[in-house]
Amino acid sequence: MEEEGCRLTIPMVHPSRLSQETSGLRIGQPLLTLESVPSTNTYALDRLPSLDHGTVLLALNQSKGKGRLGREWRVPPGKSISLSIVLKPTIQPDQLTLLTQLTAAALCRSLKSYGDSKIKWPNDILVDGKKVAGILIESHFEQTSLQGVVVGVGINTNLVLEDFSDELVEKASSLRLLSGQLIDPSALILSFLSQFNALYEEWMTTNDPSPFIHICRKDSILINKEVRVYSPDGAYKEARVTDINASGELMVQYNGQQSPEPLRTLDFSVRGKNGYI
Ligand code: BTN
């Protein structure tokens with residue numbers, strides 16, 4: 001952390017240092033820094049055939065970030081991490097849910113040193129009960145063949161209160177606000193990519209997702225909670241979350257039902273009875 005008079009200087013990414021540090025990782029090879037793009041996910045999807053497996057695209061400024069369920073992901077320049085990982089995996093389309101869970105496990109682990117990090121299935125990461133990071137996975141198929149996957153990750157590092165709308169401030173925060181310290185984005189990116197690389201390589205080698213499913217279960221904020229499951233039209237059903245199954249699906253037991261069932265579609269959102277969680 002540097003001080004300029006009484007003003008704090010927000011630490012910036014050091015692209016050359018970062019790509020040197022990720023040089024031993026399969027994921028993060030190469031690491032390309034983009035000055036400003038509308039969305040790192042869209043940038044990657046538009047250039048998928050020419051990007052190698054493992055490429056990471058890191059935006060210094062992202063002007064039109066995309067969130068899950070068609071939402072916007074808006075962040076002020078220089079105060080957050082916006083990156084996309086390009087993968088050309090040999091997985092089946094129904095294993096994409098597992099990839100979201102692998103990413104959530106890697107993110108959750110890399111955020112442990114900033115506070116009590118938890119996963120709100122499928123793609124929100126919370127620290128001390130507030131959302132600080134989100135995941136958006138997009139894929140490209142030709143006929144039924146998977147051409148590539150883009151794993152988009154956004155992390156609120158150095159945002160301050162004024163950067164959040166009244167609506168968002170209830171459920172979201174930044175690592176800076178929660179820890180009271182300026183966050184070094186390079187260290188966090190390196191930690192996340194190292195965790196992702198280790199879990200991904202292990203999964204591809206063993207074909208066994210249980211190591212990261214174990215993390216998702218252990219650090220789930222939803223398991224054993226009474227929730228509302230919302231369908232895209234805004235209707236909801238009350239249920240209790242019982243588990244995350246071996247396919248990465250949330251197991252919910254709807255009120256009045258005898259046994260839990262998997263929540264198969266990612267179009268549904270799960271919220272606490274009194275709000276976000
Ligand atoms: C969510 O929580 O709804 C998901 C947010 C994902 C945001 C990231 S930022 C990098 C990548 N590029 C995008 O346009 N979105 C993802």
Side-chain angles (χ1 to χ4, degrees), residues 1-15 17-18 31 33-41 43 56-84 103-104 106-120 123-136 152-193 195 219 221 269 271-272 274-277:
M1 190 189 310
E2 295 161 32
E3 275 191 47
E4 270 180 2
C6 60
R7 282 184 53 138
L8 296 170
T9 309
I10 297 176
M12 292 292 153
V13 173
H14 293 284
R17 201 187 89 198
L18 192 57
L31 188 141
T33 311
L34 307 163
E35 197 61 44
S36 182
V37 283
S39 152
T40 54
N41 269 29
Y43 186 96
V56 171
L57 299 161
L58 174 69
L60 301 181
N61 177 25
Q62 181 175 251
S63 55
K64 230 171 166 244
K66 299 183 288 184
R68 205 168 80 89
L69 304 174
R71 298 185 189 122
E72 281 188 328
W73 179 264
R74 267 208 236 163
V75 275
K79 293 183 182 176
S80 73
I81 294 169
S82 305
L83 63 81
S84 296
T103 311
L107 252 181
C108 188
R109 271 193 168 176
S110 65
L111 291 173
K112 282 275 175 238
S113 50
Y114 302 88
D116 184 22
S117 60
K118 294 277 179 215
I119 301 168
K120 178 172 175 284
N123 70 322
D124 289 355
I125 312 299
L126 285 67
V127 169
D128 300 341
K130 298 269 188 171
K131 175 167 175 172
V132 296
I135 301 160
L136 176 68
V153 170
I155 312 175
N156 294 342
T157 45
N158 285 307
L159 285 82
V160 292
L161 271 181
E162 299 78 72
D163 294 319
F164 293 95
S165 64
D166 291 347
E167 189 198 335
L168 265 184
V169 85
E170 292 297 313
K171 70 165 199 173
S173 190
S174 73
L175 297 174
R176 174 182 180 176
L177 284 169
L178 293 167
S179 68
Q181 288 179 352
L182 284 172
I183 307 301
D184 171 11
S186 304
L188 178 51
I189 294 167
L190 182 61
S191 163
F192 165 64
L193 291 178
Q195 297 286 354
D219 285 329
I221 201 153
S269 65
R271 281 180 244 159
N274 301 313
Y276 176 56
I277 194 64

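Atom CG of Leu57 is separated from atom OG1 of Thr33 by 9.0 Å, given to the nearest 0.5 angstrom. Here the CG atom belonging to Asn156 is positioned 8.5 Å from the CG atom belonging to Leu168, to the nearest 0.5 angstrom. Atom SG of residue Cys108 and atom CD1 of residue Ile119 lie 4.5 Å apart, to the nearest 0.5 angstrom. In this structure, CG on Leu126 lies 10.5 Å from CG on Leu111, to the nearest 0.5 angstrom.
Residues Ser39 and Gly65 come closest through the heavy atom pair CB-CA, 4.5 Å. Nearest heavy-atom pair, Pro11 versus Leu182, reported as atom, atom and distance to 0.1 Å: CD-CB, 4.0 Å. Looking at every heavy atom in both residues, Lys66 comes nearest to Leu136 through O-CD2, 3.5 Å.
Judged as a side chain to side chain donor-acceptor pair (under 3.5 Å), and not counting sequence neighbours, Arg271 has no contacts. For the salt bridge (charged side-chain N to carboxylate O under 4.0 Å, His left out) test, residues two or more places apart in sequence or in another chain that qualify with Glu72 are Arg74. Residues passing the side chain to side chain donor-acceptor pair (under 3.5 Å) test with Ser110: none are found, sequence neighbours excluded. For Lys112, the salt bridge (charged side-chain N to carboxylate O under 4.0 Å, His left out) partners at least two apart in sequence or on another chain are Asp219. Annotation: salt bridge (charged side-chain N to carboxylate O under 4.0 Å, His left out) contacts of Lys120 (sequence neighbours excluded): none. For Leu177, the side chain to side chain contact (heavy atoms under 4.5 Å, CB included) partners at least two apart in sequence or on another chain are Leu161, Phe164, Ser173, Ser174. The side chain to side chain donor-acceptor pair (under 3.5 Å) test applied to Asn41 returns Ser84, Glu138, not counting sequence neighbours. For Ser36, the side chain to side chain donor-acceptor pair (under 3.5 Å) partners two or more places apart in sequence, or in a different chain, are Asn61.
Under the 4.5 Å side-chain criterion, counting only non-hydrogen atoms from C-beta, Thr40 is not in contact with Leu83. Contact of the Val13 side chain with the Ile189 side chain is registered, since non-hydrogen atoms from C-beta on lie closer than 4.5 Å. Looking at heavy atoms from C-beta onward, Leu107 lies in side-chain contact with Ile155 at the 4.5 angstrom threshold. Using a 4.5 Å cut-off on side-chain heavy atoms (C-beta onward), Leu190 and Leu188 make no contact. Contact annotation: the side chain of Tyr114 never approaches that of Leu178 to less than 4.5 Å [non-hydrogen atoms, C-beta and beyond]. When side chains are defined from C-beta on, Trp73 does not count as touching Lys64, because their heavy atoms never get closer than 4.5 Å. The closest side-chain heavy-atom distance from Ser80 to Leu159 is below 4.5 Å. Annotation: side chain of Ile81 is not in contact with side chain of Val153 (no heavy-atom distance under 4.5 Å).
At least one donor-acceptor pair closer than 3.5 Å links the side chain of Ser179 to the backbone N or O of Leu175.
Sequence neighbours left out, the pairs with a member in residues 178-192 that pass salt bridge (Lys or Arg N to Asp or Glu O under 4.0 Å) are Arg17-Asp184. The side chain to side chain donor-acceptor pair (under 3.5 Å) contacts involving residues 123-135 comprise Arg68-Asn123, Asp124-Lys131, Asp124-Tyr276, where partners must be two or more places apart or lie in separate chains. Applying the salt bridge (Lys or Arg N to Asp or Glu O under 4.0 Å) rule to pairs touching residues 174-183 yields nothing, sequence neighbours excluded. Within the structure, salt bridge (Lys or Arg N to Asp or Glu O under 4.0 Å) pairs that include any residue of residues 158-175 comprise Lys79-Asp163 (at least two apart or interchain).
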